[in-house]
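Shown next, in structure tokens, is the structure this report addresses.
Below, chains carry the letters A, B, ... as their sequence lines are ordered, and counting in each starts from 1.
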There are 2 protein chains.
Amino acid sequence: MSLPYAILTALLEKPSSGLELTRRFDRSIGYFWSATHQQIYRELGKLEQAGYIRALPAPVPARGQKKEYEVLPAGRAELAAWVDVPEDPKPMRSALILRMRAAAVVGGHGLREELERHLALHQRQLAEYLDIEVRDFPPARRTSEPDRLRHLVLRGGIDLERFWVHWLTDALSELGGDRIGGTPQPTDVGHEA
Amino acid sequence: MSLPYAILTALLEKPSSGLELTRRFDRSIGYFWSATHQQIYRELGKLEQAGYIRALPAPVPARGQKKEYEVLPAGRAELAAWVDVPEDPKPMRSALILRMRAAAVVGGHGLREELERHLALHQRQLAEYLDIEVRDFPPARRTSEPDRLRHLVLRGGIDLERFWVHWLTDALSELGGDRIGGTPQPTDVGHEA
DNA sequence: CCATCCATGTAAGGTGTTACATGATTCA
DNA sequence: TGAATCATGTAACACCTTACATGGATGG
């Protein structure tokens, strides 16, 4: 539902080809909306068909050649309209936390290492975001409103990584030993809300 | 990929019918994995076919009658195996933050109210989780390992809501006025990593 | 000329969402 | 009997993921 608008935003910031978009989604835009190149190509086709974007004239249009797209006025209007459409937040999903809950019931041997692995990944991601912040958002870049909004988005990414680092650290210290709970045989009744 | 295991976990905690599962997913399990009743019924069918669960014998099995499921040993083994399979964290998705990024380019009129609406929703959810914590996890309930794991999962939900409340509060104070930036016509080049 | 990227795409299958359909039970 | 609610499902579609296919450019 949101992917076409993510692409329009990215193309307004800078006209790009499909693969360039894919790479940009792995960075700035992708803090909060990831996409593979297959999704992006498919969506570019739809957007072009709808008249929201167009391919910039290329010297020799052919398969395997780079194709740059730019947003047309209709696409900009569509995006502007979407920004103001209310939409409820969707509950987040984490397979890791789910596995923790499962481990409470059936036990788990490798979960501790998995938690450490995730902790390392999130710490690395956090460090990367902080680098981006000092490089791209020095105090001088925090005055214009568009810049402040972009910075806000980055800070969302930063704080979310901090949340993970904090939770995973907590989880690891909570788990003293290296084998994790779970009842061997009898059914274990949980208490829920 | 994770839904069947979420269901097995829930059924091990307590044998249930499809609709009961749906309701439980709206609460404890659902902190980090939501599902609609259609998904759950479809998955229950698959799990039964695979021999991981079975319907408890009912007096009169018929359409529109409650059907309770319990986990078979094969299902428990399957779940225990899944707990130890590593899986990379998937980047989170937020349409709201995406819209903020779009607003930096094309502007937005209603975004401020939308932020306030989301803030209220997350504050409500946070309060609910905190209620659950005091009700279901008094200090006495924090000693056994399974209980500590379940409490850890809940704290994940709590901290995630806190993240949202904090970020949204920040965003609102960052946005002084009520109309939000964006360039009227000229293309606005962003700076990315 | 061969391997390796870069770049664009196709196909198939799984997962999630939305709308609707059906029967049983309860209560007015 | 009629409306509301509980409970189980079907169908269609949108979306995402994974694996693969094709062609052009580059460097040894």
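- The only option from A/His122, A/Gln123, A/Gln125 that meets the side-chain hydrogen bond (donor to acceptor under 3.5 Å, both in side chains) definition with A/Glu161 turns out to be A/His122.
- Salt-bridge annotation for B/Glu20 and B/Arg23: absent, with no side-chain N of the basic residue lying under 4.0 Å from a carboxylate O of the acidic one.
- Checking the phosphate oxygens (OP1, OP2) of D/dT17, no side-chain nitrogen or oxygen of B/Lys90 falls inside 4.0 Å.
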Under the side chain to side chain donor-acceptor pair (under 3.5 Å) rule, what do B/His151 and A/Glu174 come out as? Steps first, then yes or no, please.
CA-CA 10 Å; B/His151 184 212; A/Glu174 193 77 72; 5.7 Å; no
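- A/Gln39 places its CD atom 18 Å from the P atom of C/dA11, with the value rounded to the nearest Å.
- Distances shown here put every side-chain N or O of A/Arg42 at or beyond 4.0 Å from the OP1 or OP2 atom of C/dT8.
- Between the side chains of B/Ser16 and B/Arg24, at least one donor N or O lies within less than 3.5 Å of an accepting N or O.
- Between the CZ atom of B/Arg23 and the C1' atom of D/dC6 there is a distance of 7 Å, given to the nearest Å.
- Look at B/Gln38 and you won't find any side-chain N or O under 4.0 angstrom from OP1 or OP2 of C/dT18.
- Here the C1' atom of nucleotide C/dT17 and the CG atom of A/Leu3 are 17 Å apart, to the nearest Å.
- Heavy-atom distances to DNA chain D give each of A/Ser2 and A/His37 a nearest nucleotide, and the one nearer the 5′ end belongs to A/Ser2.
- For A/Thr36, whose side chain is taken as the heavy atoms from C-beta onward, the closest listed nucleotide among C/dG16, D/dT8, D/dT18 is D/dT18.
- For the OP1/OP2 pair of C/dT15 and a distance below 4.0 Å, the side-chain nitrogens and oxygens of A/Arg93 include no atom meeting the criterion.
- Atom-to-atom, OH of A/Tyr41 to P of D/dC16 comes out at 18 Å; the value is rounded to the nearest Å.
- Under a 4.0 Å N-O distance rule, the pair B/Glu70/B/Arg54 qualifies as a salt bridge.
- Distance CD (B/Glu20) to P (D/dA7): 7 Å, rounded to an integer number of Å.
- Between B/Glu43 atom CD and C/dT15 atom P there is a gap of 7 Å when expressed in whole angstrom units.
- Regarding B/Lys46, its NZ atom lies at a distance of 11 Å from the C1' atom of C/dG16, rounded to whole Å.
- What separates CG of A/Leu19 from P of D/dA25 is a distance of 16 Å, to the nearest Å.
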